[in-house]
Amino acid sequence: MINSTIVEKIRETPSTITFRFYWEEKVLPGQFIMIWVPGYGEIPMSLSFTGKKKGITVKAYGVPSRKLQELEPGDRIFFMGPYGKPFTESHGKRLLIGSGSGMASLLPLVNQDSTVIVSARNREELLYIGKMQAERVVTITDDGSSGFKGLPHEYLASMDLSVFQRLYVCGPEVMMFKLLPLLMKAGVKAEFSLERSMKCGIGICDSCSIDGFQLCTEGPVVSIEKLSGLNEFGKWKLDHSGKRIEV
Amino acid sequence: MINSTIVEKIRETPSTITFRFYWEEKVLPGQFIMIWVPGYGEIPMSLSFTGKKKGITVKAYGVPSRKLQELEPGDRIFFMGPYGKPFTESHGKRLLIGSGSGMASLLPLVNQDSTVIVSARNREELLYIGKMQAERVVTITDDGSSGFKGLPHEYLASMDLSVFQRLYVCGPEVMMFKLLPLLMKAGVKAEFSLERSMKCGIGICDSCSIDGFQLCTEGPVVSIEKLSGLNEFGKWKLDHSGKRIEV
Amino acid sequence: MLQVTVAGLKLENPLMLASGILDQNGYTMKRILESGAAAVVTKSIGSEPRDGYLPPVIYPIEGGLLNAVGLSNPGIDNIGGEIKIALSAGKPVIGSIFGSTPDEFLKLAISMEEYGVSAVELNLSCPHVQGYGTEVGSDPVLVRNIVKNLKGSLRIPVFSKLSPNVNSVLEIARAASDSDALVLINTVKGMAIDIVAKRPVLSNIYGGLSGSAIKSVGLRYVYEVKREMDIDIIGVGGIENYQDALEYIMAGSKALQIGTALGKFGKSIFYRISTELAEYLSKNNIRSVMDLVGAAQI
Amino acid sequence: MLQVTVAGLKLENPLMLASGILDQNGYTMKRILESGAAAVVTKSIGSEPRDGYLPPVIYPIEGGLLNAVGLSNPGIDNIGGEIKIALSAGKPVIGSIFGSTPDEFLKLAISMEEYGVSAVELNLSCPHVQGYGTEVGSDPVLVRNIVKNLKGSLRIPVFSKLSPNVNSVLEIARAASDSDALVLINTVKGMAIDIVAKRPVLSNIYGGLSGSAIKSVGLRYVYEVKREMDIDIIGVGGIENYQDALEYIMAGSKALQIGTALGKFGKSIFYRISTELAEYLSKNNIRSVMDLVGAAQI
Ligand SMILES: Cc1cc2nc3c(=O)[nH]c(=O)nc-3n(C[C@H](O)[C@H](O)[C@H](O)COP(=O)(O)OP(=O)(O)OC[C@H]3O[C@@H](n4cnc5c(N)ncnc54)[C@H](O)[C@@H]3O)c2cc1C
Ligand SMILES: Cc1cc2nc3c(=O)[nH]c(=O)nc-3n(C[C@H](O)[C@H](O)[C@H](O)COP(=O)(O)OP(=O)(O)OC[C@H]3O[C@@H](n4cnc5c(N)ncnc54)[C@H](O)[C@@H]3O)c2cc1C
Ligand SMILES: Cc1cc2nc3c(=O)[nH]c(=O)nc-3n(C[C@H](O)[C@H](O)[C@H](O)COP(=O)(O)O)c2cc1C
Ligand SMILES: Cc1cc2nc3c(=O)[nH]c(=O)nc-3n(C[C@H](O)[C@H](O)[C@H](O)COP(=O)(O)O)c2cc1C
Ligand code: FES
Ligand code: FES
């Protein structure tokens, strides 16, 4: 295992915490690490900061992510990686669409040419708002407590997407599934970062597979062309036992 | 195992045969390989030719060397290596002293500045005579059937060694043991290639050790300074079982 | 030239996917068949769904992987759909099963047969789950009964996959001699410790070692069993290239399985090795890879 | 800081030379002690001289070595002189012995004691010679009798070196529980085939696998035995650097042996690892390496 000492702990939202630590490794936006929480599990996390001072942004779900959140500066984190194929770099205007903790993998892509759509359940859960050096930041909440009330695909229906060189999307699968037809129709260049349960990160265990592709090695970033050909996307995944369940 | 096809078989003397084969590896004079004779054993052999077209010169002793001699052009030889530390290169005049199959490891050192002393039991067993591009070739035989009758140290007693930049010696241990005091007294730069039974070539088995040095990795070439400090040289070695016996 | 027949099963080449690697999702198995594997073996399936152990369950170490996945599987009732998807590639799928008793194995095997698999592979060898695998597979009487029971009731061939973690593989191999083929070997029990965390990395502490580190061990079992018994053998353990494949074939394997190497080389490994094998055969004027089976037996 | 006491024996650091590597010639053992090993274990010595097998007896493969030296040794009557030379380094020499019966082991051990060794190590585990090693070491009753017999008659401590090639190492470890320490592990049985020569490389066909390939296997045995038994353990198998050493120590070893790594790194490995261990201890404010023994047991 690789290990590093946490040098900073930042509460982002009521459910989300960012940890910063030094790690020399070259990592590109969209790549991830597998974090070992000794005694409690191992979970995939995107790098929300990809410079020398790396960062992860952890949302509390089950036991491992909660235990991870309990770490303090000075504590060590253990991980392996980096894993996965990164987002394709692009020049010119870019549109980033991040829902929930999905914003974590998009943060390293934010620049002054970016329009960023941040969505979350409510105002408090919006990630990184006010911290991003972007051209424009739009907020969307389920409950309307900030910005547009609704879901990203509803908001995007009224946008002119042709001004963007490329779109980058990360969030819950249903959100992305609903967005896909709209983006297909608009004919834009787009990349999506997908999520599946992951047990190895190295293309061995099959838990992250979608239509025979392993997201840990052939993803998690998938182009819109590839995504539109996947049978399982938005519909099926396997649970921890390998049982086929609806997404 | 490395393998190569024998392209040439040359009878050198009644007891000795040279095999030539192609092997890309860079090998320096004094280094050796471990030749596997499937079903019959594995024996160390110096490279008597160190260019791309390599060569070994095999004297028939026991079963493995006899079986090796039975190979024909077109057959494969199997080996590992190269092993060992080579002779130190030198400029100017050099004196090579080779007894019996010991000439094999010296052959790649022969050049126009070399004086070569070839010794053997009798005239027929003298190796490489007439084939060497040397300044001078001297022969010594036990029975006087060619050149000086006697042993190398007896012949050398009357030579002026100060004209040589460096001496290179390879032959039976008793021969080298008798030569050592004379060369020490002459104060020359000299290197000796020693022989012990070898079972691994990689410093593991201890069968080639002399005074705690492994000839397979720290030898087989040993400087005169080092040699003169060895307790076991010329006196003791271990047999196949590890029993201490006289050389 | 590359075609082999093992346990009566015709394969287009000797290479199959080993159980437990990229074989729980039907689409993945299909894709592996499309990438050149002659057959796939499913993840080992039991009677009930099992989540398996808490991650870390797979840990790369020098020369291989340690795994203690804990036989996670969806249960026999939920695997039919995945097998159906895999079968759409038009190549044989082999159903791996694990149980505790002859009856449990039989029920699982019958379901597998109904799902359309070409053979069942009995996992008598998983080293890290209590009550299954090696615990079953190190009891010769139980092994004999399990195999006998199946052979009387199935039309498809039965493979028995054995563990290296036993006193005498030969004893167990003999007990399983009614099988149509033996699969040798499963992983070797091992572990890793993280010296900074000061604890074992795998949540199960112990796991099975696979990959090139165990190649010499697998070869030894294939060779030893081939020497003593007249039975088809499928070799597995650390195969990464055609040279490894040839070693296993010359030791006595009629077919091969590949697992861990998929992590290092991806799914194209099947295509690569079979191409290289074919080249080797033509270059050496060998008519069929079957001619080399056991060639190194002396 | 690096000092350890194992089986009552004080060692300046936890690192010894493993049996069978660079330890038949007294001068070599002496030089290894001078290179930083805290102790050396002699090649396993039997009652009579043995030439061992025809070479190849050692064959490097990925991740380690295969060896089937065949217990070549000069016999107990001829080893005294070598031990005397080794002892002139002023550090402990441990005499490894192999036999078939409790009486044979006792005779060998008494001679070793007379030669001045600090402990005897019983080779109950060599995987490739009939009638010795594993064949003895997989019989719990025989193991118990051998150890009991020795313990009653020797003043020096007794180490029992066990094989991983058995059904249950724990069963054998329990049978050997009268020993002052257990040495875990000997080599894992394996083989290699040359695909051009189409035959096994080792003249004995099978050999023992050592080196980094078996590290996870050795660790597992140390951990498992430590968990169940209150006995000193000496860890061996694939140790190449201070991290490996720490893994073995945290698994439960009080001392360590190094063999195969000498081929890759030379004799300076003892000095290097003990220096690195000392640095690690100071950096982490750990007073003694003994404080880490078994630290990874959960
Ligand atoms: C590529 C990628 C990047 C991600 N990046 C981020 C990010 O930046 N920020 C973020 O907050 N989230 C991220 N996630 C999501 C994050 O990994 C999950 O939210 C997290 O795993 C959930 O943790 P949990 O505490 O709910 O654990 P659980 O859901 O309880 O389990 C976590 C893992 O343990 C395994 N597991 C748990 N129980 C069992 C069991 N009984 N048997 C077998 N396996 C079991 C599962 O394989 C699962 O992966 C990312 C996911 C992926 C795939
Ligand atoms: C560095 C070096 C370079 C050499 N170069 C040359 C050269 O260029 N030309 C040349 O002719 N000779 C050379 N020799 C000498 C050559 O290796 C020996 O002459 C050869 O090994 C003798 O072969 P043999 O047929 O007598 O085999 P044997 O002496 O019968 O045995 C050969 C090897 O097998 C082993 N062995 C045999 N029987 C047993 C047994 N029962 N138990 C255990 N081990 C056994 C021994 O370790 C021995 O090394 C060299 C030797 C060395 C060390
Ligand atoms: C992650 C993983 C999971 C495995 N799961 C199973 C399994 O469910 N059933 C089984 O019989 N073997 C299982 N194995 C063992 C493999 O099928 C194979 O026997 C072993 O890994 C050696 O082959 P390899 O070195 O090519 O991987 C598993 C191996 C790995 C690495
Ligand atoms: C060439 C060789 C010879 C060995 N001979 C013996 C022996 O005589 N007695 C013994 O107990 N172990 C013997 N072993 C086993 C080692 O002592 C050790 O247990 C094993 O090699 C694992 O450690 P390593 O990986 O550090 O080499 C031998 C190992 C090798 C490689
Ligand atoms: S996480 Fe195991 S295959 Fe992707
Ligand atoms: S030949 Fe084995 S140590 Fe030199």
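Only heavy atoms go into these numbers, but all of them, side chains included; no hydrogens, no water, no symmetry mates. Residue numbers start from 1 in every chain, and the chains themselves are labelled A, B, ... in the order their sequence lines are given, proteins ahead of strands.
- Side-chain atoms of A:Glu12 and A:Thr18 form a donor-acceptor pair, as typed in the model, at a separation below 3.5 Å.
- Most heavy-atom pairs under 4.5 Å with chain A, from the set C:Arg199, C:Lys264, C:Glu34: that is C:Arg199.
- The aromatic rings of A:Phe21 and A:Phe79 are tilted relative to each other, their planes meeting at an angle between 30° and 60°.
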Kindly indicate, with the supporting measurements, whether the criterion salt bridge (Lys or Arg N to Asp or Glu O under 4.0 Å) is fulfilled by A:Arg66 and A:Glu70. CA-CA 7 Å; A:Arg66 277 175 206 283; A:Glu70 287 174 14; over 6 Å; no

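- Among the candidates A:Glu218, A:Lys199, A:Met34, A:Glu42, the residue making the largest number of heavy-atom pairs closer than 4.5 Å to chain C is A:Glu42.
- Of the atoms belonging to C:Asp51, heavy atoms from both backbone and side chain fall under 4.5 Å from chain A.
- Interface remark: of the candidates C:Asn73, C:Leu262, C:Val57, C:Asn73 forms the most heavy-atom pairs closer than 4.5 Å to chain A.
- When all heavy atoms of A:Ser15 and A:Gln69 are compared, the closest pair comes out as O-NE2, 2.8 Å.
- When each of A:Cys216, A:Cys200, A:Gly39, A:Ser207 is scored by its heavy-atom pairs under 4.5 Å with chain C, the top score falls to A:Gly39.
- A donor-acceptor pair shorter than 3.5 Å can be found between the side chains of C:Thr28 and A:Asp206.
- Taking the six-membered ring where the residue is Trp, A:Trp36 and A:Phe78 present perpendicular rings, their angle passing 60° and hence far from 30°.
- Heavy atoms closer than 4.5 Å to chain A are found in the side chain of C:Leu65, but not in its backbone.
- To the nearest 0.5 angstrom, A:Leu194 atom CG is 5.0 Å from A:Met176 atom CE.
- Only the side chain of A:Met80 comes within less than 4.5 Å of a heavy atom in chain C; its backbone stays farther off.
- The contact between A:Tyr40 and chain C is made entirely by backbone atoms, counting heavy-atom distances below 4.5 Å.
- The shortest heavy-atom contact between C:Tyr248 and C:Val236 is OH-O, 3.5 Å.
- Atom NZ of A:Lys243 has 12 or fewer neighbouring heavy atoms from other residues, nucleotides or ligands inside a 6.0 Å radius.
- Of the listed residues (C:Val201, C:Ile21, C:Asp194), the one with the most heavy-atom contacts under 4.5 Å to chain A is C:Asp194.
- Partners of A:Glu89 by side-chain hydrogen bond (donor to acceptor under 3.5 Å, both in side chains), not counting sequence neighbours, listed by chain and number: A:Arg94.
- C:Ile85 touches chain A through its side chain: at least one heavy atom from C-beta onward sits under 4.5 Å away, while N, CA, C and O do not.
- Heavy atoms of A:Thr217 lying under 4.5 Å from chain C are absent altogether.
- For residues 224-241 of chain A, heavy-atom neighbours of chain C at less than 4.5 Å comprise A:Asn231, A:Glu232, A:Leu238, A:His240, A:Ser241, sorted by residue number.
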Going through the checks in order, is the side-chain hydrogen bond (donor to acceptor under 3.5 Å, both in side chains) test met by A:Thr57 and A:Tyr128? CA-CA 10 Å; A:Thr57 302; A:Tyr128 311 132; 2.6 Å; yes

